[in-house]
Amino acid sequence: MTSRPKPIITVFERSPDEGKGLARDMRVRWALEEVGKPYEARSVSFAAMKEPAHRALHPFGQIPTFEEGDLCLFETGAIVFHIANRHAGLLPDEANARARAIAWMFAAISTIEPVIIDREVVHYLERDETWFEQRLHTVEDRIRNKLTDLSRHLGDADWLDGMFSAGDLLTADVLRRLNGSGLLDEHPNLLAFVARAEARPAFRRAYKAQYAFFNAAVSV
Ligand SMILES: N[C@@H](CCC(=O)N[C@@H](CSCc1ccc([N+](=O)[O-])cc1)C(=O)NCC(=O)O)C(=O)O
């Protein structure tokens with residue numbers, strides 16, 4: 001039986017996150033490690049991302065992309081779903097539990113991530129505006145609302161809905177972006193959820209791989 005080719009993901013040539021695993025290739029690396037699927041990473045410079053060759057893979061000129069044989073995907077939610085749908089370990093087999101885990105994938109990237117990205121936009125692009133403080137306060141209140149709802153749902157459970165799933169993976173990866181903001185500290189159970197996720201061997205392997213990739217890039 002011919003083995004399937006290793007997937008190839010595209011990553012920042014030199015990630016601005018200084019190897020902290022905040023760029024979105026991290027969630028794809030993590031998913032591949034959770035299902036035990038070896039992969040290759042190909043670096044793309046900021047300039048090359050916007051060239052036709054890369055836009056043929058990613059219409060918006062971004063990373064990551066995911067190539068496997070004659071399949072090419074962009075959009076990390078879709079990539080993680082593809083991995084979880086093709087390999088055991090990230091979605092339950094039971095139909096209703098599987099559907100609920102997929103719902104949490106959508107919640108992570110459609111309900112929780114946008115308000116967290118808004119905060120980053122305020123911090124990185126609007127800091128010099130006269131209305132910066134007020135806007136930051138408004139955006140952080142919106143994040144607090146989502147975290148309060150998420151914390152109430154999680155309660156004292158380990159994961160969002162029974163077994164660890166791709167829904168937990170994406171939710172934890174989104175919440176990691178709040179590290180250092182103080183916003184997660186208001187919910188000890190969410191802090192523990194992220195720490196539990198980051199303690200997973202698959203996360204550690206993914207983090208180590210992206211960190212090594214960054215270090216190799218800055219060492220040349
Ligand atoms: N919705 C898309 C979003 C993809 C995306 O935002 N890609 C970013 C990298 S991950 C976002 C990101 C970037 C940097 C940090 N950081 O901490 O430095 C964290 C996250 C990108 O290619 N940016 C370059 C560009 O748009 O020209 C998906 O989930 O795949």
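Counting starts at 1 for both ligands and their atoms, following the listed order.
- Between Tyr207 and Tyr211, the ring-plane angle classifies as parallel under the 30° and 60° cut-offs.
- Closer than 4.0 angstrom to ligand 1 sit non-hydrogen atoms from Phe12, Pro16, Asp17, Leu22, Ala23, Arg24, Met49, Lys50, Gln62, Ile63, Glu75, Thr76, Arg177.
- At least one side-chain heavy atom of Arg29 sits under 4.5 Å from a side-chain heavy atom of Tyr39.
- Side-chain atoms of His87 and Glu34 include no donor-acceptor pair closer than 3.5 Å.
- Between Trp159 and Phe193, the ring planes lie perpendicular to each other; the angle is over 60°, past the 30° to 60° tilted range.
- No hydrogens or angles considered: nothing links the side chains of Asn189 and Arg152 as a donor-acceptor pair under 3.5 Å.
- A donor-acceptor contact closer than 3.5 angstrom links the side chains of Thr76 and Arg27.
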